[in-house]
Amino acid sequence: MVFQGPNTPHTLDTFPENILLQNGQVLVRIHLATICGSDLHTYAGKRNTFLPSVLGHEAVGVVEAVADPGQRHLLGKRITWTLTDTCGCCKPCTEWNVPQKCESLFKYGHAPLEDQGGLNGCFATHILLRKGTYIEPLPDTLPDEVVAPANCALATMVAVTEPLPPNTHSVLIQGAGLLGIYGATLLKARGVSHITVTDINQERLDFVEKFGFQTLHANHLATKADSSFDAVIEVAGVSNILSEGIRLLRPGGHYLWAGMVHDQTPLDILGVDIVKGCFTVIGVHNYTATHLSKAIKFLEKHLHQYPWSTLVSPPMPLSNIDAAFALSQQHMWHRVAVRPTHAETTNIT
């Protein structure tokens, strides 16, 4: 389903049944994809992308064909994959340990239609994975709807929580969306005893409480004493909350920023507060292959601990992608799912 522009209906495009795989490519039949927040931003015109294009980067699929004989073991396997393709040769990939900033970075769901014939986004029946894409086979125990957002939101939160030191006992999470929920579950698994999630949306906070976590409406943060938390995690996507986060951070604490991934994030904080507080401020964008692998293992271990399936809507047909976007904009679900139907899926051998 081809994205033609903001608030414009998608159009249907097809591809030939005979596809010649090259240079380590892997052909995957999409089982289920979910609409991420960045997809919503693009659809609404808040984020620029190539036009036309195929959006979508959170998905689960089954390997149908491989170009490299060394990957034949993947045939028929249900998998997920990193949202980026990297070269493995540049300094970000080899020396700096930030392959998500590869000098030749490719991002699925953010590419022109002519690249790989459009098979580069997840809102389609198939996707062609490139040679530098990390592939994670999935255990049968993990349902599609539980694991689909892992290759974006959950893996990112694994990267966000990773830098926190062992003596982190109290954390404030600013933002009660999917990132906030994943962050809280990851923190609890690593032994953080006091986790508080804040937001301006009470319905989101109510949902967080169903996962068993303490919440506090953003309007009531003033009741918290200064230096209340060892760490603060920003996943709200707005910058006007940073001064509050700094106030609540204890001396020597960590402030992790992950939600502010757009240009509307001017800073209104004082450098002196950072310096005198001896704070560590870390920006986290996307993740590495290791983080995705850890995310899948985390879901497998904690599958029955949380109501994961309630985060994702019942799947809608891929052909109704515009209706799925409309449903996403109502914020009834943290993720709205789409699934190609049998009639939409071409058999490829």
Side-chain angles (χ1 to χ4, degrees), residues 22-26 28 36-39 41-42 47-50 53-59 67-68 70-71 79-112 114-116 119-122 127-137 149-165 179 182-183 186 231 233-235 237 239 254-265 267 274 279-298:
Q22 300 176 344
N23 192 29
Q25 289 178 330
V26 174
V28 179
C36 178
S38 62
D39 296 319
H41 291 157
T42 302
R47 178 176 179 149
N48 294 327
T49 192
F50 296 97
S53 63
V54 178
L55 303 180
H57 53 272
E58 295 181 344
D68 185 350
Q71 292 182 302
I79 64 167
T80 191
W81 51 91
T82 48
L83 64 87
T84 60
D85 171 84
T86 56
C87 71
C89 301
C90 64
K91 286 188 176 181
C93 286
T94 59
E95 295 184 24
W96 303 341
N97 194 32
V98 282
Q100 65 269 44
K101 297 301 165 186
C102 172
E103 294 176 359
S104 303
L105 188 71
F106 176 88
K107 296 188 73 172
Y108 294 102
H110 300 85
E114 60 267 20
D115 192 313
Q116 298 188 155
L119 297 183
N120 51 38
C122 295
I127 189 170
L128 274 176
L129 302 182
R130 298 171 172 231
K131 184 177 182 179
T133 304
Y134 172 75
I135 293 174
E136 178 75 18
N151 78 340
C152 182
L154 180 55
T156 296
M157 290 312 294
V158 172
V160 169
T161 57
E162 190 174 67
L164 292 175
L179 292 174
Y182 280 151
L186 288 163
I233 297 175
E234 175 278 316
V235 286
S239 56
H254 284 62
Y255 205 163
L256 297 118
W257 300 350
M260 297 180 291
V261 291
H262 51 82
D263 294 337
Q264 293 77 44
T265 54
L267 300 184
I274 304 295
F279 299 141
T280 298
V281 179
I282 302 175
V284 180
H285 186 228
N286 297 150
Y287 59 87
T288 70
T290 300
H291 296 130
L292 176 58
S293 181
K294 289 180 178 179
I296 300 306
K297 290 179 174 61
F298 172 81

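The figures that follow rest on heavy atoms only: side chains count, while hydrogens, waters and symmetry mates do not. Since the structure is predicted, the reported quantities are computational estimates derived from the model, not experimental observations. For this chain, numbers begin at 1 and follow the sequence in order.
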Measure from the side-chain N and O atoms of [X] to the backbone N and O of [Y], and report whether any donor-acceptor pair falls under 3.5 Å.
X	Y	answer
His285	Lys101	no
Ser104	Thr86	no
Asn151	Leu292	no
Ser53	Leu55	no
Glu234	Ala258	yes
Thr84	Gln100	no

Measure the spacing between [atom1] of [X] and [atom2] of [Y] and express it to the nearest 0.5 Å.
X	Y	atom1	atom2	result
Leu179	Leu186	CG	CG	10.5 Å
Asn286	Cys152	CG	SG	7.0 Å
Thr80	Glu136	OG1	CD	8.5 Å
Asn120	Lys107	CG	NZ	13.5 Å
Tyr255	Ile233	OH	CD1	10.5 Å
Tyr134	Leu129	OH	CG	13.0 Å

(request) With sequence neighbours excluded, tell me which residues meet salt bridge (charged side-chain N to carboxylate O under 4.0 Å, His left out) with Glu162. (result)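 If we apply the salt bridge (charged side-chain N to carboxylate O under 4.0 Å, His left out) test to Glu162, skipping adjacent residues, the hits are Lys294.
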
(request) Return the set of residues passing salt bridge (charged side-chain N to carboxylate O under 4.0 Å, His left out) with Asp68 (not counting sequence neighbours), or none when no residue passes. (result)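 Here no residue qualifies.
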
How close do [X] and [Y] get, heavy atom to heavy atom, and via which atoms?
X	Y	answer
Thr161	Gly183	CG2-O, 4.4 Å
Ile79	Pro137	CG2-CA, 4.0 Å
Gly56	Asp39	N-OD1, 3.4 Å
Tyr108	Arg130	OH-N, 2.8 Å
Pro92	Glu103	CD-OE2, 3.9 Å
Glu58	Ala153	OE2-N, 3.9 Å

(request) Quickly, which of Thr290, Asp85, Thr82, Thr288 forms a side chain to side chain contact (heavy atoms under 4.5 Å, CB included) with Pro99? Name it, please. (result)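 Option passing the side chain to side chain contact (heavy atoms under 4.5 Å, CB included) with Pro99: Thr288.
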
(request) Could you give me the CA-CA distance, side-chain angles and deciding distance for Thr265 and Trp257, then say whether side-chain contact (heavy atoms from CB on, under 4.5 Å) is met? (result) CA-CA 11 Å; Thr265 54; Trp257 300 350; over 6 Å; no

So do [Y] and [X] actually touch side chain to side chain, heavy atoms under 4.5 Å?
X	Y	answer
Tyr182	Val235	no
Lys131	Gln71	no
Cys122	Ile127	yes

(request) Check the pair His110 / His57 against side-chain contact (heavy atoms from CB on, under 4.5 Å), numbers first and verdict last. (result) CA-CA 8 Å; His110 300 85; His57 53 272; 3.8 Å; yes

(message) Would you say His41 and Ser38 are linked by a side-chain donor-acceptor pair, where the criterion is simply a distance under 3.5 Å?
(response)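 Note: Ser38 and His41 side chains miss the donor-acceptor criterion.
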
